[in-house]
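Here, residue 1 is the first one in the sequence, and each next residue gets the next number. Keep in mind that this is a model prediction, so the values were computed, not measured.
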Amino acid sequence: MDVTYRCCPFSWIWHSFQHKDARSLLGEPDPALWEQQGSRSLRPFPPPTRGPAPKRAGFGSQGARAELLQDARKGARPRWPPPPLFAAHGRNPSPGLLRLRGSVVVMDSPWDELTLAFSRTSMFPFFDIAHYLVSVMALKRQPGAVAVAWKNPVSSWFTAMLHCFGGGILSCVLLAEPPLRFFANNTNILLASSIWYITFFCPCDLVSQGYSFLPVQLLAVGMKEVTRTWKIVGGVTHANSYYKNGWIVMIAIGWARGAGGSIITNFEQLVKGGWKPEADEWLKMSYPAKVTLLGSVIFTFQHTKHLAVSKHNLMFLYTMFLVATKITMMITETATVPFAPFEDTLSRMLFGWQQQFSSCEKKSETKSSFNGTGSSTSKPIGVASDTVKKKHTKKTE
């Protein structure tokens, strides 16, 4: 046997895997100890050795080898099968790499690689800069905002911070968290303050003139819509950590995180005395509030496993819808909501019954009035005859 193994090592390897007792005597590691390492690197086969394996880190201990030898003596089947050629724990360490699980080969498609890379995109600093720029420019376009900035810069700065971080502040209020938690990030505060300063106090108003070009506006608005998706997903996930599978709470926090800045600014206008009820978001929701509410509902269903779509795919598709819709509305200069026909159809189906009943009642009243025209016309004729008789009696007298 020794001569055969020395001459042909492959036969020895085949023999070792055919005999269950020999496989257990090779000193193979215990599966529990292998899983406890938690490494995501790819490990090949342990080299076959004759006799007990030397003690190495991560390849079992004396107690584990003793249990394997005891099972081999009893004739029991070894508990740990040989690992695959590549054993990858957790997710794939590199995109596009083959993952061997059993006899099935799994390879990430280019679409999955694209959406996964998109979902891992960092919003700092470029997307955050676009969000702050669009928010501060919207504040500057309000009537009297420039005069307030020159007379009272502190008030203008505070209003700009509400425009930039209003959604996070509202979500903290709803979850009974400190509202000033978002102001703890000094980097974002300094970045937003810098955008506010150069927007209002830049010499020759260069920032506003540069922002007036349509391509710059389209780029900034598109990047801002990308941050809206990240805010919705962050709000839904954060609410789920407080209330497990609480649909209403998750939808409310996701909607507040994505579009709560307009509500916070309404409160700021109320404090200043410039609040208008007809412009309130609760009474007349704008397009960003509607599309954010729709996204919050969709991501809530996906988070609670009621929507069979992966999160990175849903984030990519929803973001592309937001960007394409917003850019189309800006280019065409129309304020019509793209899904307005669906809103009209749903409102008629769900909330239009009372209007239909009232219309039927009006039709019945008009019909009854047409049927009673004879009696209504006969009354004035009788009254006229009475007046003629009275006049005649007066003349005779």
Side-chain angles (χ1 to χ4, degrees), residues 117-142 145-146 148-203 205-208 210-211 216 219-242 252-269 271-272 288 292 296 315 319:
F118 177 78
S119 64
R120 294 175 180 175
T121 304
S122 177
M123 296 294 103
F124 183 86
F126 301 106
F127 290 92
D128 288 338
I129 290 175
H131 167 64
Y132 301 150
L133 179 61
V134 174
S135 301
V136 175
M137 288 302 301
L139 171 64
K140 187 177 181 180
R141 290 176 178 176
Q142 294 180 0
V146 178
V148 171
W150 282 94
K151 293 180 181 179
N152 193 349
V154 177
S155 176
S156 177
W157 174 83
F158 184 74
T159 305
M161 295 303 104
L162 290 180
H163 276 76
C164 295
F165 305 99
I169 295 173
L170 181 60
S171 63
C172 289
V173 172
L174 294 178
L175 290 176
E177 294 181 351
L180 299 180
R181 184 173 64 88
F182 276 81
F183 291 94
N185 193 338
N186 299 325
T187 305
N188 290 338
I189 294 298
L190 291 176
L191 184 59
S193 301
S194 303
I195 297 297
W196 164 79
Y197 183 80
I198 63 175
T199 301
F200 280 92
F201 303 100
C202 182
D205 205 8
L206 296 178
V207 176
S208 299
Y211 187 79
V216 177
L219 179 62
V221 170
M223 296 176 70
K224 176 182 171 60
E225 295 301 322
V226 175
T227 61
R228 189 185 303 277
T229 303
W230 263 248
K231 290 178 181 179
I232 295 173
V233 175
V236 170
T237 306
H238 187 61
N240 186 65
S241 63
Y242 280 87
I253 300 302
W255 176 75
R257 186 75 65 88
S262 57
I263 298 177
I264 292 296
T265 52
N266 287 336
F267 174 76
E268 178 261 341
Q269 292 176 1
V271 173
K272 289 184 176 180
T292 304
S296 181
M315 290 177 65
T319 306

Enquirer: Output the distance between atom CG (L162) and atom CH2 (W157), rounded to the nearest 0.5 Å.
Expert: 9.0 Å
Enquirer: Give me the atom names and distance for the closest heavy-atom approach of V136 to C164.
Expert: CG2-SG, 4.1 Å
Enquirer: With sequence neighbours excluded, give me every side chain to side chain donor-acceptor pair (under 3.5 Å) pair touching residues 160-171.
Expert: S171-R257
Enquirer: Between side-chain atoms of residues 194-203 and protein atoms elsewhere (two or more places apart, or another chain), which donor-acceptor pairs fall under 3.5 Å?
Expert:
from	atom 1	to	atom 2	distance (Å)
S194	OG	L190	O	2.7
W196	NE1	S156	OG	3.1
T199	OG1	I195	O	2.5

Enquirer: Sort and list the pairs that fulfil salt bridge (charged side-chain N to carboxylate O under 4.0 Å, His left out) and have at least one residue in residues 184-193, not counting sequence neighbours.
Expert: none
Enquirer: Applying side-chain contact (heavy atoms from CB on, under 4.5 Å), name anything that partners A130, two or more places apart in sequence or on another chain.
Expert: M223
Enquirer: Assess whether side chain to side chain contact (heavy atoms under 4.5 Å, CB included) is satisfied between V207 and L133, documenting all intermediate values.
Expert: CA-CA 10 Å; V207 176; L133 179 61; 4.2 Å; yes
Enquirer: On a heavy-atom basis, which atom in S155 and which in V148 lie closest, and how many Å separate them?
Expert: OG-CG1, 4.4 Å
Enquirer: Ignoring hydrogens, what is the shortest heavy-atom contact between F118 and M315? Give both atom names and the distance.
Expert: CE2-O, 4.1 Å
Enquirer: Rounded to the nearest 0.5 Å, what separates atom CG in L174 from atom OH in Y242?
Expert: 12.0 Å
Enquirer: Taking C-beta and beyond as the side chain, do F124 and T187 meet within less than 4.5 Å on heavy atoms?
Expert: yes
Enquirer: Can you see which heavy atom on T292 is nearest to which on A259, and at what distance?
Expert: OG1-CB, 3.6 Å
Enquirer: Provide the full list of salt bridge (charged side-chain N to carboxylate O under 4.0 Å, His left out) pairs with a residue in residues 170-189, sequence neighbours left out, each pair given once.
Expert: E177-R181
Enquirer: What pairs with N188 under side-chain hydrogen bond (donor to acceptor under 3.5 Å, both in side chains), at least two apart in sequence or on another chain?
Expert: none
Enquirer: Is the number of heavy atoms from other residues, nucleotides or ligands within 6.0 Å of CZ (F158) greater than 12?
Expert: no
Enquirer: The criterion is side-chain hydrogen bond (donor to acceptor under 3.5 Å, both in side chains); which residues satisfy it with T159, sequence neighbours excluded?
Expert: E268, K272
Enquirer: Got a second to check how far E225's CD is from T227's OG1, nearest 0.5 Å?
Expert: 7.0 Å
Enquirer: Can you name the residues that form a side-chain hydrogen bond (donor to acceptor under 3.5 Å, both in side chains) with S119, not counting sequence neighbours?
Expert: none
Enquirer: Only counting residues at least two apart or in another chain, list the ones meeting side-chain hydrogen bond (donor to acceptor under 3.5 Å, both in side chains) with K140.
Expert: D205, S208
Enquirer: Look up atom CD1 in I253 and atom CG in L175, then write down how far apart they are to the nearest 0.5 Å.
Expert: 3.5 Å
Enquirer: Say you draw a straight line from CE of M161 to CD1 of I264; how long is it, rounded to the nearest 0.5 Å?
Expert: 14.5 Å
Enquirer: Write out all pairs satisfying side chain to side chain donor-acceptor pair (under 3.5 Å) with one or both partners inside residues 122-133, taking only residues at least two apart or from two chains.
Expert: H131-K224, H131-K231
Enquirer: State the OG1-CD1 distance between T237 and I232, to the nearest 0.5 angstrom.
Expert: 11.5 Å
